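Notes follow once the structure below has been shown.
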Amino acid sequence: MHKVQEGTVTRIVVVGMKPDLLLTNIGQLATLANTNGKPKTGEAMRELSIIENGAVAVKDGLITAVGTTSDVLAQIDGEPVVPQIDLPDMLALPGFIDSHTHLVFGGSRENDFAMKLAGKSYMEILEAGGGILNTLRATREASKSDLVRNGFSFAQRMLGEGTTTVESKSGYGLDTENELKMLQATEALREKLPMGIASTFLGAHAIPPEYENRTEDYVSLVIDEMIPAVTKEDLAEFCDVFCEKGVFDVDQSRRILLAAKKAGMKIKVHADEIVPLGGAELAAEVGAVSADHLLMASDDGLEAMRKSGTIATLLPGTAFSLNTDYARARDMIEMGLPVALATDFNPNCANESLFFSIALSCYKMKMHPREVVSALTINSAHALDRADTIGSIEVGKRADVVVLECPNPEFLAYRFGVNLVHTVIANGEVVHTKLGP
Ligand code: NIG
Ligand code: FE
């Protein structure tokens, strides 16, 4: 037995035992190790701690050895190991972490797309009863098992694209019963999938039709009924709010988030997505773990986030689907804000693939592919407050590894938008591979 110290967390790891999976001769193994329990910022976002000709040993779902192939083979006393997977010319990374999605919902929105093509904005479509309200109707009609079936299919596709941990928000039920139904469906998915799932309560995602022109009453319902019901069943680790003009203003968002915090939830904010409202400032003020979107965030708001240690989670797929400008990733990285990336997979931004987000990040937000790797791994782990167990390839962490048909990280930007996955290991299991049976 030996103790691994990481940040404030100490875990006991068994070493010297025969692994149950061994990856060897990996062309480049980007471990993202040694970050002292902090997210990466500034120039450090380009440092990936790469081991050439690397190897990873796995036992009982955990990483038990990391190093060059000869080092790791020496550590396991040369015992022949089955299975051993040789991965020359490939790039292995910590499994991707998609830290902002709306994974569970009913229906689909291809009909809204016609309005979008006719030039209607996101808020105009919502005001016309489409958008979130369209999905609200389908989600209320869906049974819990319908929601599980849909979410399972999306999550399976994510796994095949290298995502080994996903966050999932509620927010299409918008009454206590249906919000709980969504969160219970998320719970059920956790039992069915090898990936990690973080659950977020987003009861303040829109005003449901029965509360039209009574936003304050709906805020009271969220605070007085939904938050206690969600915490009673321990259904969500985070609480999020769509803080936006015409949805929940800063004061209403603050009251909801503080109530959730008091009830023991951690905080996320959909901040400054469509108009600059002060969502970034609010996220910093309430000590949010992350503020997400930030397309319109002010300099003061970003500076406040930097001071409070709030992660900036950027969602370029949303900017693409809204056909708007992209978030100012370069400014954020240069000012020292920790940047994470996620898909925002939802019925409006219906794309599960982080490869699409990687392409947009590099082409549209001018992020360097190495910064993108940090953003999708260790920084996203911090955005989910799970950096002690995932986000890097280090002894004692969960064995989540994505192996890509890439000779180096730069190739990720060059081969844009396609799934480059060769093998995915989630929780120590090979869940996808091109090696064949
Ligand atoms: O992150 N803006 C609010 N929520 C989602 C969109 C949800 C939807 O349109 O269904 C977002 O963009
Ligand atoms: Fe979202």
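Counting convention: from 1, in listed order, for ligands and their atoms alike. Residue numbers count from 1 along this sequence. Bear in mind that the values here come from a model prediction, so they are computed numbers and not experimental data.
A cation-pi arrangement is present between R214 and Y211, with the terminal nitrogen or guanidinium carbon under 6.0 Å from the aromatic centre and inside a 45° cone about the axis.
Under a cut-off of 6.0 angstrom, the local environment of CG in D224 is crowded, with over 12 non-hydrogen atoms contributed by other residues, nucleotides or ligands. In this structure, R157 places its CZ atom where only 12 or fewer heavy-atom neighbours from other residues, nucleotides or ligands lie under 6.0 Å away. Atom CD of Q184 sits in a crowded spot, with more than 12 heavy atoms from other residues, nucleotides or ligands closer than 6.0 Å.
Atom CG in L277 sits 6.5 Å away from atom CG in D272 (nearest 0.5 Å). Between the CG atom of N348 and the CZ atom of R109 there is a distance of 5.0 Å, given to the nearest 0.5 Å.
Interface of N348 with ligand 1, defined as ligand atoms under 4.0 Å from a residue heavy atom, comprises 9 (O). Taking every heavy atom of H100 and a limit of under 4.0 angstrom, the matching atoms of ligand 1 come to 1 (O). The contact set between ligand 1 and Y172, taken as ligand atoms under 4.0 Å from a residue heavy atom, comprises 7 (C), 8 (C), 10 (O). Numbered from 1 in the order shown, with element, the atoms of ligand 1 that lie under 4.0 Å from a heavy atom of R109 read 8 (C), 9 (O), 10 (O).
Tested against R140 for a salt bridge (charged side-chain N to carboxylate O under 4.0 Å, His left out), the candidates E210, E177, E179 yield a single pass: E210.
The angle H102:NE2 - the Fe ion (ligand 2) - H270:NE2 amounts to 100°, with values rounded to 10 degrees.
For E244, the closest heavy-atom approach to ligand 1 does not fall below 4.0 Å. Not a single heavy atom of T135 sits less than 4.0 Å from an atom of ligand 1.
Restricting H100 to its N/O/S atoms, the shortest distance to the Fe ion (ligand 2) is reached by NE2. Looking at D344, its N, O or S atom nearest to the Fe ion (ligand 2) turns out to be OD1.
Contacts with ligand 1 closer than 4.0 Å are made by side-chain heavy atoms of E273 only, the backbone lying farther away.
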* Could you walk me through whether F248 and F242 pass ring-ring contact (aromatic ring centres under 6.0 Å, His included), step by step? => CA-CA 6 Å; F248 299 95; F242 188 17; 8.2 Å; no
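The N/O atoms of D344, backbone and side chain alike, include one that comes under 3.5 Å of an N/O atom in ligand 1. Residue contacts with ligand 1: Y122 is placed with a nitrogen or oxygen under 3.5 Å of a nitrogen or oxygen of the ligand (distance criterion only).
Summary of contacts: the protein heavy atom closest to atom 4 (N) of ligand 1 is H205 NE2, 2.8 Å.
Using a 30° and 60° split on the angle between ring planes, H270 and H100 fall in the perpendicular class, above 60°.
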